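Worksheet: the structure to be examined is printed underneath.
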Amino acid sequence: MPIPLLQVARVGAYVMHQRLRGRKRYPLVLMLEPLFRCNLACAGCGKIDYPDPILDQRLSIDECLAAVDECGAPVVSIAGGEPLLHKEIEAIVAGIIARRRFVYLCTNALLLQKKLARFRPDPYFVWSVHLDGDRGMHDHSVCQPGVYDRAVAAIKAAKAKGFRVNINCTLFNDADAERVARFFDELAALGIDGITVSPGYAYERAPDQEHFLKRRDTKELFRAIFRRGRGGRAWSFSQSSLFLDFLAGNQSYRCTPWGNPTRTVFGWQRPCYLLGEGYARTFRELMDETDWDAYGTGNYEKCADCMVHSGYEATAVQDAVRHPLKALRVALRGVDTEGPMVDEISLAGQRPARFVHSRHVEQKLAEIRIAETRSKAFATARKRA
Ligand code: SF4
């Protein structure tokens, strides 16, 4: 079962609790990025081009656990950068599990075998290994040969030790539906517990800008994939049936950016995991002071083609809670790959993109310089004392 019953029950109870309290906006998954540093440099990544002083920053164990407590989401996805480069990652994971939150540790798996002994299988813990397709597709996506084989060897080692292992797979416009379908078939043979699939977000700073999917292309691609797997039922997706239905053009959803709030070394990122348009100091400030209506497809140019799970899975989950029979019908019958698609959201009124990245980088660099100067002055004063 891609999502264990314990998790389904706890997340379901959490959603019901939020609704009973009349909360309009609440988080489902905390995206925790304790560092941006990575041991790969993928062409479609918009996270790793920061200057070294920023790549050298780490969230401490206390900062990570404070973010978990402050946010309160029942699921924590630890991403990055490469989380296994963080020297205290196992203590961060243990602290989150102790709080009875479900941890998805996202990794490219290059360090997984080396660090496996530091972790213990737990009903609250899942390895989420990045694999963007079969050997050829994945090594092309991460711009380095041999990564797929190392990831598969690590997956086998983790499965042999009794861990749950998921795959997170990002697709671009060069994805071939037949090949993706065969790749999903192969994952079953590997004993993978669940697949998370998503179209790539068009990060403005990713080195490769040519291969991001437009909305219509995304829907056509996912229809072509699901058609080859009984409407998606052939595979073990760890995503809601309605999110898959949305990817295939059967649901018209607005994104729920607060569903996956993001904490990075900059602070709480506005408005979502994909866009860094400002940072709040606290989770409450993020929720209360972000102009949420300024974002989303139809509202903002940078959101025009976004169909990424971190923006829309929460929308699909909320829809499933409101319309459980619809969700059940898609789960049982599979995603419709033949009928007419829902109308597309008009982009006529969207506001133009703002480019604010370099301002945030300069501000962070200035903060780092001030902190370093203070720490040197403090060390000198202690020596003299
Ligand atoms: S559509 Fe929503 S989730 Fe996607 S980039 Fe825009 S705000 Fe973020």
Side-chain angles (χ1 to χ4, degrees), residues 24-33 44-47 71 73 75 77 79 106 168 170-173 196-206 209 211-219 221-222 239-240 242-249 251-264 266-280 283 285-319 342-357 360:
K24 191 173 158 211
R25 298 192 180 104
Y26 52 85
L28 276 176
V29 180
L30 166 62
M31 308 297 288
L32 183 62
E33 295 193 325
C45 181
K47 304 264 178 183
C71 170
V75 179
S77 177
C106 305
N168 64 72
T170 306
L171 298 177
F172 300 90
N173 69 3
T196 302
V197 66
S198 185
Y201 175 72
Y203 287 111
E204 70 198 53
R205 300 176 338 270
Q209 290 290 324
H211 290 103
F212 291 118
L213 283 155
K214 300 290 178 199
R215 275 198 152 218
R216 181 75 197 191
D217 303 332
T218 298
K219 295 169 185 178
L221 172 65
F222 279 93
Q239 290 161 303
S240 66
L242 290 180
F243 175 71
L244 302 177
D245 212 33
F246 162 71
L247 288 180
Q251 302 291 335
S252 178
Y253 285 154
R254 300 277 178 175
C255 81
T256 305
W258 57 87
N260 287 35
T262 302
R263 172 72 160 98
T264 77
F266 283 81
W268 291 92
Q269 181 167 303
R270 285 196 171 105
C272 68
Y273 181 65
L274 307 159
L275 287 181
E277 301 249 317
Y279 296 87
F283 175 69
E285 186 183 312
L286 171 82
M287 294 300 269
D288 292 348
E289 296 178 20
T290 303
D291 182 6
W292 300 108
D293 293 337
Y295 297 97
T297 305
N299 296 338
Y300 189 35
E301 191 180 349
K302 287 187 188 174
C303 300
D305 290 312
C306 177
M307 294 182 75
V308 179
H309 63 101
S310 59
Y312 292 89
E313 179 67 64
T315 313
V317 167
Q318 287 170 357
D319 191 24
V342 292
D343 289 341
E344 195 44 270
I345 294 170
S346 166
L347 303 180
Q350 68 182 7
R351 68 190 171 95
R354 287 170 65 235
F355 295 97
V356 293
H357 172 73
H360 296 310

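Whatever order the structure lists them in is the order used to number ligands and atoms, beginning at 1. No experiment lies behind these values; they were computed from the predicted model shown. The figures here come from the full heavy-atom set of this structure, side chains too, leaving out hydrogens, waters and symmetry mates.
- Less than 2.8 Å away from atom 8 (Fe) of ligand 1, the protein contributes these N/O/S atoms: Cys272 SG.
- Shown here is Asp343, whose CG atom has no more than 12 heavy atoms of other residues, nucleotides or ligands within 6.0 Å.
- Ring pair Phe246/Tyr253: centre-to-centre distance below 6.0 Å.
- Under the ring pair (Phe, Tyr, Trp, His ring centres under 6.0 Å) criterion, Tyr203 pairs with Tyr201, not counting sequence neighbours.
- Enclosure of atom CZ in Arg351 by more than 12 non-hydrogen atoms of other residues, nucleotides or ligands within 6.0 angstrom is indicated.
- Summarising the geometry of Cys303 relative to Leu275, their closest heavy-atom pair is SG-CD1, 4.0 Å, with the distance given to 0.1 Å.
- Under a cutoff of 6.0 Å and an axis angle of 45°, Lys302 and Phe355 form a cation-pi pair.
- Contact atoms of ligand 1 toward Tyr312: 1 (S) (distance under 4.0 Å to a heavy atom of the residue).
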